Structure formats: C-alpha cells, structure tokens
2 protein chains.
Amino acid sequence: MSKNCRFAVAVHTCTLLGMSDGQPLTSDWIAGSVNTNPVVIRRLLSVLAKAGLVTSIRGSNGGSVLARLPQAITLLDIQQAVDDDTEPALHNQPPNQKCPVGRGIQPVLRQVIDRAEAAREAVLSTTLLAEVIAAIKSGG
Amino acid sequence: MSKNCRFAVAVHTCTLLGMSDGQPLTSDWIAGSVNTNPVVIRRLLSVLAKAGLVTSIRGSNGGSVLARLPQAITLLDIQQAVDDDTEPALHNQPPNQKCPVGRGIQPVLRQVIDRAEAAREAVLSTTLLAEVIAAIKSGG
DNA sequence: GCTCCATGTAATGGTAGTAATTACAGTTAC
DNA sequence: GTAACTGTAATTACTACCATTACATGGAGC
C-alpha cells in the first residue's frame with residue numbers, strides 16, 4: 001500500500017475487458033483477478049468511462065465493456081484517464097524572486113521536465129491495448 | 001506541501017553552486033533562495049554528496065561546492081541522486097495467479113513502463129547543468 | 001408489482017511519503 | 001574558547017492513496 005498503482009490496475013482491467021469478447025464483466029469479477037476490492041474497480045471504471053474508454057451497464061446482468069476496440073486504445077489513453085496530471089512537481093513555495101536563480105529556475109525546469117515527460121508519453125502512445133492482450137495470450 | 005519537489009530543489013541548489021565560482025555556499029544562503037528551511041537543504045546536500053555531485057565543508061566558513069564541473073553533471077545525475085527509484089508502481093497486492101491476465105500482466109507492464117521511463121531519462125541525460133546555468137544567465 | 005443483481009458514490013480508517021521545524025552533537029577558522 | 005558552520009534525529013502537519021462499509025440507484029426477470 002504505497003505508490004500509485006492505478007495505471008497498472010487500469011491496464012489490467014482494460015485487458016480483461018478486451019479479452020471478454022464483448023461480454024460485460026462485473027466489478028466483482030475484475031476485482032477477483034486484480035486482487036482488490038470491487039469498489040476500487042468501480043471507481044476506476046467510472047474514471048475510464050468518463051474518458052470514453054469503457055461503458056458500464058447498470059442493473060442485473062450488468063457490467064462493463066470496452067467502448068472502443070483494443071486496437072484503438074493506447075496505454076497513453078489509459079494513463080491520461082487515470083492520472084490526474086496536475087502540474088509537474090516544482091517548488092512547494094515559490095522561490096525567492098530577489099535571487100536571479102530563484103527568479104529564472106522554474107521556467108527552465110518546467111521546459112526540461114515537459115520535454116522529458118513528452119518522451120515518456122510518446123512511448124506509451126505507441127503501445128496499443130491490443131498489443132498487451134496479444135502479449136498476454138502468447139505468454140500464457 | 002504536497003508533492004515531491006526534491007528534484008526541483010536539487011537542480012536549483014546545484015545551479016546556485018555552479019554559479020558561485022567555487023565559493024562555498026551555506027545551507028542558510030541556499031535556503032534563502034529556494035525559500036525553505038536550511039535543514040531541508042542540508043539533507044538534500046547530504047544526498048547529493050553521497051552521489052558524488054557536491055562536496056561539503058564543515059566548520060566555520062564552511063558550505064558546499066560542486067564536486068564536478070557543470071558540464072559534467074546531467075539532470076539525470078541529479079534526478080537519480082535524489083529520487084530513490086524503487087520499483088515502478090505496479091499492483092500493490094500481487095494479482096490473482098489463477099487468472100491468465102493476472103498471471104501475465106506484470107511482466108508486460110513492467111516492460112512497457114521501463115521503455116517509457118528510459119525515454120524520459122534519455123532526455124534528462126542530455127541536459128547538462130551547464131545548460132541550465134546558461135539559460136538562467138541569458139534569461140535574467 | 002417485487003426481488004435480485006449490479007453499478008455509483010459518500011464516508012471512514014489506516015498507511016505512507018513529504019516538508020517544515022526544533023534541537024543538539026560534531027567540526028573548523030579565527 | 002567562541003562563533004559559524006554541517007550532520008542528523010525527532011516531531012508535527014499535511015496530503016495522497018487504498019481498502020472497506022454502507023447505502024442509494026437502476027434494470028432484468030419473475
């Protein structure tokens with residue numbers, strides 16, 4: 001119980017949905033595979049639904065299905081859906097504006113961090129959910 | 001007081017040291033520019049010293065100096081020094097091994113996350129502390 | 001209608017990570 | 001010896017996250 005594992009759980013969940021042949025899966029069932037509480041899954045599915053990645057069906061015989069084909073979902077889509085990407089972590093308190101470094105450091109840092117983050121996201125954007133599913137199928 | 005701002009403070013600190021022409025700077029002075037408590041700076045300097053990036057001089061007229069030229073310090077060096085890069089955040093609890101997805105998801109995820117992280121670090125490794133200093137000097 | 005079986009969501013508790021601060025021991029120049 | 005530093009432990013406060021309970025809502029099937 002330490003770090004943010006929403007991305008991992010979200011990919012896990014989408015993989016399950018992508019392998020169910022359109023059959024709706026319940027949060028209970030998914031939670032059994034992820035090994036967590038169904039409410040955690042429901043909250044996650046709610047976020048994924050807001051991002052247009054899944055659709056939930058209420059009522060008896062309900063559950064969730066993918067809203068798009070696995071070929072049309074990138075891991076970046078999933079990451080951006082579940083990680084509220086607030087500002088990158090810079091200083092908590094604004095640095096001393098009387099110091100040239102304190103005045104100039106933040107824009108420079110932001111630019112570098114943004115470039116680094118863009119490189120990371122580029123990799124995620126070229127990985128499709130369909131590829132994850134294929135890897136699971138071939139690996140098992 | 002929320003997120004991890006050690007990287008930002010560390011770059012800020014190294015920038016100050018790199019602009020001081022070899023003059024040792026005290027944690028009090030650095031804290032004044034960063035706008036935080038001197039103890040926070042001393043803890044950070046201690047970590048940077050362990051990574052071989054700075055050297056601290058104890059006693060009166062003491063302080064800290066860079067242990068290498070700014071041209072020989074990348075932002076990746078700083079990042080790796082201050083961020084204990086433990087395992088990437090996957091599931092908290094191991095997923096259900098009886099499920100094919102639960103069994104196979106973690107290696108697949110780890111591979112993708114590692115590739116994405118490598119791309120991010122590649123950008124940081126090509127940015128030198130000297131460039132940050134140059135940007136500050138030209139920007140102010 | 002009623003009854004299940006689901007989702008949706010609020011509220012709570014526990015754990016962990018981080019920053020800020022106080023306090024004090026160790027070290028060095030003068 | 002004293003003053004000016006670093007090094008580090010201990011404490012407090014705050015935030016983020018996950019797990020869990022509880023309950024309202026919605027829909028299928030009788």
Side-chain angles (χ1 to χ4, degrees), chain A residues 1-10 12-13 17 20 23-32 34-51 53-65 67 82-96, chain B residues 1-10 12-13 17 20 23-32 34-51 54-65 67 82-95:
Chain A
M1 305 112 178
S2 55
K3 307 185 78 171
N4 182 333
C5 63
R6 271 177 301 194
F7 177 61
V9 174
H12 187 150
T13 298
L17 296 180
S20 82
Q23 176 76 17
L25 303 183
T26 69
S27 61
D28 254 66
W29 198 93
I30 297 170
V34 173
N35 194 15
T36 185
N37 193 289
V39 175
V40 172
I41 300 296
R42 273 181 252 158
R43 265 195 301 251
L44 188 67
L45 284 167
S46 163
V47 171
L48 293 172
K50 283 194 185 94
L53 299 180
V54 308
T55 305
S56 290
I57 305 155
R58 305 186 63 161
S60 191
N61 292 333
S64 296
V65 293
V82 300
D83 281 5
D84 10 329
D85 52 345
T86 54
E87 296 282 285
L90 296 183
H91 301 60
N92 282 338
Q93 311 286 120
N96 185 345
Chain B
M1 305 108 175
S2 56
K3 307 187 75 171
N4 182 334
C5 62
R6 272 176 301 194
F7 178 61
V9 175
H12 188 151
T13 298
L17 297 179
S20 82
Q23 176 78 17
L25 303 182
T26 70
S27 61
D28 254 65
W29 198 92
I30 297 169
V34 174
N35 194 15
T36 184
N37 194 288
V39 176
V40 172
I41 300 296
R42 274 181 249 156
R43 264 195 300 251
L44 188 66
L45 284 167
S46 162
V47 172
L48 293 172
K50 285 196 184 91
V54 310
T55 305
S56 289
I57 305 155
R58 305 185 62 158
S60 189
N61 293 334
S64 297
V65 293
V82 300
D83 280 5
D84 11 327
D85 51 345
T86 55
E87 295 283 286
L90 295 184
H91 301 60
N92 282 339
Q93 310 287 121

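In what follows, chains carry the letters A, B, and so on, assigned in the order in which the sequence lines appear, proteins first and then strands, with residues in each chain numbered from 1. These numbers come from the heavy atoms of this one structure, side chains and all, not from hydrogens, waters or symmetry mates. Predicted model only: the values in this text are computed from it and were never measured.
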_Whole angstroms only, please: what is the CZ-C1' distance between R42(A) and dT20(D)?_
11 Å
_Residue pair H12(B) / P95(A): nearest heavy atoms and the distance that separates them_ = CE1-CB, 3.7 Å
*Hey, what do you get for CG (N35(B)) to CD1 (I30(B)), rounding to the nearest 0.5 Å?*
14.0 Å
_Euclidean distance, atom CG of residue L48(B) to atom P of dT6(D) [Å, nearest integer]_ = 14 Å
*Between atom CG in N92(A) and atom C1' in dA16(D), what is the gap in whole Å?*
14 Å
*Just how far is it from atom CG of L53(A) to atom OG of S64(A), taken to the nearest 0.5 Å?*
12.0 Å
*Rounded off to whole Å, could you give me the CZ-to-P distance for the R6(A) and dA19(D) pair?*
12 Å
*Got a second to check how far N37(A)'s CG is from Q93(B)'s CD, nearest 0.5 Å?*
11.5 Å
*Identify whether any heavy atom of L45(B) sits under 4.0 Å from a base atom; if not, whether one sits that close to sugar-phosphate; answer base, sugar-phosphate or nothing.*
nothing
All N/O pairs under 3.5 Å across the protein-nucleotides 11-13 of chain C interface:
residue : atom : partner : partner atom : Å
dA11(C) : N6   : R43(A)  : NH1          : 3.4

*asked:* Nearest 0.5 Å, please: how far is CG in N4(B) from CG in N92(A)?
replied: 9.0 Å
*asked:* In whole Å, I'd like the distance from the CG atom of N4(A) to the C1' atom of dT15(D).
replied: 14 Å
*Take the protein atom CD1 of I41(B) and the nucleotide atom P of dA19(C), then report the distance between them rounded to whole Å.*
10 Å
*What distance do N61(A) atom CG and T26(A) atom OG1 have between them, rounded to the nearest 0.5 Å?*
10.5 Å
_Using side-chain heavy atoms (C-beta onward) and a distance below 4.5 Å, is L17(B) in contact with V65(B)?_
no
*Does any non-hydrogen side-chain atom of V9(A) lie less than 4.5 Å from one of I41(A)?*
yes
_The criterion is side-chain hydrogen bond (donor to acceptor under 3.5 Å, both in side chains); which residues satisfy it with T13(A), sequence neighbours excluded?_
none
*In whole angstrom, give the distance that lies between atom CG of D83(A) and atom P of dC17(D).*
8 Å
*Hey, does S27(A) reach any base, or is it just sugar-phosphate, or nothing, if we go heavy atoms under 4.0 Å?*
sugar-phosphate
*asked:* Expressed as a whole number of angstroms, how long is the span from Q93(B):CD to dC17(D):P?
replied: 18 Å
Between the protein and nucleotides 3-5 of chain C, which nitrogen or oxygen pairs come in under 3.5 angstrom?
residue : atom : partner : partner atom : Å
dC5(C)  : O2   : S60(A)  : N            : 3.4

_By nearest heavy atom, map R58(A) and G63(B) onto DNA chain D; which one lands nearer the 5' end?_
G63(B)
_Is S46(B) close enough to dT8(D) that one of its side-chain N or O atoms is under 4.0 Å from OP1 or OP2 there?_
yes
